[in-house]
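To start, the structure itself, in structure tokens.
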Amino acid sequence: MEDLLNGIPLRVEIDEQIIFHQLHDSHRAVWSLLLATGYLRVMNVESVGEFRKKVYTLSLTNMEVQCMFENMVKGWFEGNTGIYYNEFIHSLLNDNVRKMNTFMNKVALNTFSSFDSGRKPSGQAEPERFYHGFVLGMVVELSEKYKVRSNRESGYGRYDVMITPLDRTEKAFIFEFKVLDPDEDEETLEDTLANAHAQIEKKQYEAELTAEGFSPEQIRKYGFAFRGKECLIG
């Protein structure tokens, strides 16, 4: 969506026969829906591969649609949330974990809905994705001085979020998000947080940063444990 708002076309396979119940099952479904409802327009269509799959090049329909989406995104961060947002970033960069927890829980209480956050990782709403996307949105302003990446391979798995400074003397960050899961013998958020850190270490997510020349002292590894509107960061 950020690319589309910046005028960069999107290339994606489109299912012209999309139906509503597929929106939970296909990552391409949202683009099919936006095209069908007129928010996107087709710039080009290619037939690709042995089975001649159709790949569409899409852009926002016009300036009115672009303004609508820009205003919608800005609206998500209006009001008190903006204050928490700035303080969260300041606390992150200054290693103030206590304030990170305070501000994240204020945001969760005032912003999250029970439908968005859910309570079971396996639920249809997939709350881990919701938390992941929300925190990613909070740190995206760092992009002037940091490279913010999400769901990339490093070590033996895929980290949730990695924040790499352009100035190699500064700190780098790894985030892992987990929702409390009783099926994993997690009874408290502390249990969930411990499992998040265990995954970071087991999968060696810091391998990419180490390869880029960052020392262990520069790398901050944070677990984000969630249960509904509760959050524990450590």
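Residue numbers count from 1 along this sequence.
- Between the side chain of N62 and the backbone N or O of E64 there is at least one donor-acceptor pair closer than 3.5 Å.
- If you take CZ on F173 and CE on M162, they are separated by 12.5 Å, rounding to the nearest 0.5 Å.
- A continuous path of Ile, Leu, Val, Met, Phe, Trp and Tyr side chains, each step under 4.5 Å between heavy atoms, connects M72 with Y39, placing both in one hydrophobic cluster.
- Under a hydrophobic-cluster definition in which Ile, Leu, Val, Met, Phe, Trp and Tyr are linked whenever side-chain heavy atoms come within less than 4.5 Å, directly or via other members, M43 and V65 are assigned to different clusters.
- Proximity of V55 to V12: side-chain heavy atoms (C-beta onward) are nowhere separated by under 4.5 Å.
- In the model, Y159 has no side-chain atom that pairs as donor or acceptor with a side-chain atom of E206 under 3.5 Å.
- F103 and F88 have their aromatic ring centers separated by at least 6.0 angstrom.
- For the residue pair E184 and N195, no side-chain donor N or O sits within less than 3.5 Å of a side-chain acceptor on the partner.
- Atom CG in L40 sits 12.5 Å away from atom OH in Y56 (nearest 0.5 Å).
- From I233, atom CD1 reaches atom NZ of K99 across 14.0 Å, with rounding to the nearest 0.5 Å.
- I8 is not connected to L58 by any chain of hydrophobic side-chain contacts under 4.5 Å among Ile, Leu, Val, Met, Phe, Trp and Tyr, and they are in different clusters.
- Using a cutoff of 4.0 Å between basic side-chain nitrogens and carboxylate oxygens, E208 and R149 are scored as salt-bridged.
- Under 4.0 Å is where a charged nitrogen must lie from a carboxylate oxygen, and between R11 and E46 at least one such pair does.
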Take E170 and Y146 through the side chain to side chain donor-acceptor pair (under 3.5 Å) test and state the conclusion after the steps.
CA-CA 10 Å; E170 297 291 338; Y146 292 80; 4.6 Å; no
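- E2 CD: 12 or fewer foreign heavy atoms inside a 6.0 Å radius.
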